[in-house]
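What follows is a set of notes on a single structure, which appears directly below.
Hydrogens, waters and symmetry mates are skipped; everything else that's a heavy atom, side chains included, is used. For this chain, numbers begin at 1 and follow the sequence in order.
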Amino acid sequence: LCRVTMTEEGLTFFFREYARLKRILHKHNITDSEHALIRAAEHNRIHIVGLLLEADTDVNVRDQTGGTALIAACYNGYTEVALELLHYKANPDLQDEGGHTALIFSCDKGHVEICTSLVDAGAALNMQDNRGNSGLLMAAYIGHIDVCHLLVERGMYSCLPFFVIFVVLFGSHTNHPMIVLNDAFLFLPPGVQVNIQNDDGRTPLMMACYPPEVETRYLNAKCDICALLIGMACNTYMTLSGTCMLHSNTVMMRFDITL
């Protein structure tokens with residue numbers, strides 16, 4: 001770390017931050033710089049994170065649970081730390097021992113800005129944890145409407161270049177443009193999967209229909225998520241335990257009334 005050039009004021013700030021980080025490292029019995037990066041990210045020590053990365057610390061190092069610095073920053077909602085790690089090419093698709101990625105945690109917590117940065121960095125939209133939950137499933141369950149909009153819209157935009165190339169290449173050789181358009185839709189690479197299922201067989205629409213467990217203010221957001229998913233032609237008749245999902249809970253009934 002000493003090879004990083006800093007001003008006198010910067011050094012004073014660094015040593016103060018380092019003293020705090022040292023206490024954290026001592027508490028967790030950590031002596032190497034790689035695991036120090038994870039703890040610094042976990043406690044939002046952006047300057048320490050920057051110095052460790054400038055000193056060539058492995059940005060994708062894992063701890064004993066398989067977690068990374070990026071996962072720690074995204075779980076806690078530390079946007080600046082997450083952006084710094086992504087700037088140094090942190091892998092957004094690494095999974096911890098529970099199968100969680102940085103995007104799954106960010107979607108679960110509703111960190112829209114971090115989710116946007118992860119998607120911009122190429123994070124896979126449909127990765128699932130060990131229980132089969134994806135980012136969209138988690139966001140729909142909690143009621144994070146902005147995150148759901150992001151995943152659905154960015155998933156569509158990611159397919160746009162392929163769509164344009166397909167139409168340009170094949171549209172000029174036929175007098176039936178509608179056939180070309182239909183074929184293009186058939187061969188589009190997958191965006192976010194609106195009918196993805198977790199290990200319990202639940203889809204994002206089913207998750208959105210469940211009453212929120214935390215705050216009732218998410219109830220209206222869940223209704224909006226239902227409208228968004230239905231608008232994306234998700235399957236409204238997928239069943240769970242033989243019961244039609246559309247008539248299985250009060251949130252969906254409320255949605256039907258306000259439609």
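Judged purely by atom type and a 3.5 angstrom limit, Lys109 has no side-chain atom pairing as donor or acceptor with the backbone of Cys74. When atom types are taken as modelled, the side chain of Asn133 and the backbone of Met138 share no donor-acceptor pair closer than 3.5 angstrom. A donor-acceptor contact shorter than 3.5 Å is absent between the side chain of His87 and the backbone of Leu83.
In terms of heavy-atom proximity, His43 sits nearest to Tyr78 at C-CE1, 4.1 Å. When all heavy atoms of Met207 and Lys222 are compared, the pair lying nearest together is O-NZ, 3.2 Å. Nearest heavy-atom pair across Leu137 and Pro204 is CD2-N, 3.3 Å. Nearest heavy-atom pair, Ala121 versus Pro92, reported as atom, atom and distance to 0.1 Å: O-CG, 4.3 Å. When all heavy atoms of Ala69 and Ala41 are compared, the pair lying nearest together is O-CB, 3.5 Å.
Under the 4.5 Å side-chain heavy-atom criterion for ILVMFWY residues, no single connected hydrophobic cluster contains both Ile114 and Phe105. At a threshold of 4.5 Å between side-chain heavy atoms, the hydrophobic network of Ile, Leu, Val, Met, Phe, Trp and Tyr places Val119 and Tyr75 in two separate groups. Under the 4.5 Å side-chain heavy-atom criterion for ILVMFWY residues, no single connected hydrophobic cluster contains both Ile71 and Leu52. In this structure, Leu70 is not a member of the same hydrophobic cluster as Met127, with clusters built from ILVMFWY side-chain heavy atoms closer than 4.5 Å. Both Ile225 and Leu125 are members of a single hydrophobic cluster when ILVMFWY side chains are connected at heavy-atom separations under 4.5 Å.
Between Arg131 and Asn198, every side-chain heavy-atom pair lies at or beyond the 4.5 Å cut-off. Residues Leu37 and Leu53 meet the side-chain proximity criterion, which asks for heavy atoms closer than 4.5 Å. Annotation: side chain of Ile142 is in contact with side chain of Asp108 (closest heavy-atom distance under 4.5 Å). Side-chain contact check for Ile46 versus Glu84: some heavy-atom pair is nearer than 4.5 Å. Contact of the Asn44 side chain with the Val81 side chain is registered, since non-hydrogen atoms from C-beta on lie closer than 4.5 Å. Looking at Gln128 and Ile196, their side chains come closer than 4.5 Å, going by heavy atoms from C-beta outward. Counting heavy atoms from C-beta on, the side chains of Cys107 and Leu136 never come closer than 4.5 Å. Using a 4.5 Å heavy-atom cutoff, the side chains of Thr68 and Ile38 are not in contact.
Between the side chains of Asn60 and Asn91, no donor-acceptor pair is found at a separation under 3.5 Å.
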Could you walk me through whether Leu85 and Val49 pass side-chain contact (heavy atoms from CB on, under 4.5 Å), step by step? CA-CA 8 Å; Leu85 292 164; Val49 168; 4.1 Å; yes
Candidate pair Ile104 and Ser134, rule side-chain contact (heavy atoms from CB on, under 4.5 Å), full reasoning: CA-CA 6 Å; Ile104 290 175; Ser134 67; 5.6 Å; no
Verdict with supporting geometry, Asp120 and Arg154, side-chain contact (heavy atoms from CB on, under 4.5 Å): CA-CA 9 Å; Asp120 288 341; Arg154 296 299 291 275; 2.2 Å; yes
Let me see the working for Asp146 and Leu150 under side-chain contact (heavy atoms from CB on, under 4.5 Å), right down to the final yes or no. CA-CA 6 Å; Asp146 292 339; Leu150 170 70; over 6 Å; no
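Here CG of Leu103 is found 11.0 Å from OG of Ser117. Values are rounded to the nearest 0.5 Å. Distance SG/Cys115 to NE2/His144: 9.0 Å, rounded to 0.5 Å. Here the CD-CG distance, from Glu113 to Leu118, works out to 11.0 Å after rounding to the nearest 0.5 Å. Annotation: the span from His35 atom NE2 to Glu42 atom CD amounts to 11.5 Å, rounded to 0.5 Å. How far CG of Leu229 is from CG of Asn195: 9.0 Å, rounded to the nearest 0.5 Å. Atom CG of residue Asp63 and atom CZ of residue Arg39 lie 5.5 Å apart, to the nearest 0.5 angstrom.
With salt bridges taken as basic N to acidic carboxylate O contacts below 4.0 Å, none links Arg62 and Asp96. The pair Asp200-Arg202 counts as a salt bridge, with a side-chain nitrogen and a carboxylate oxygen less than 4.0 angstrom apart.
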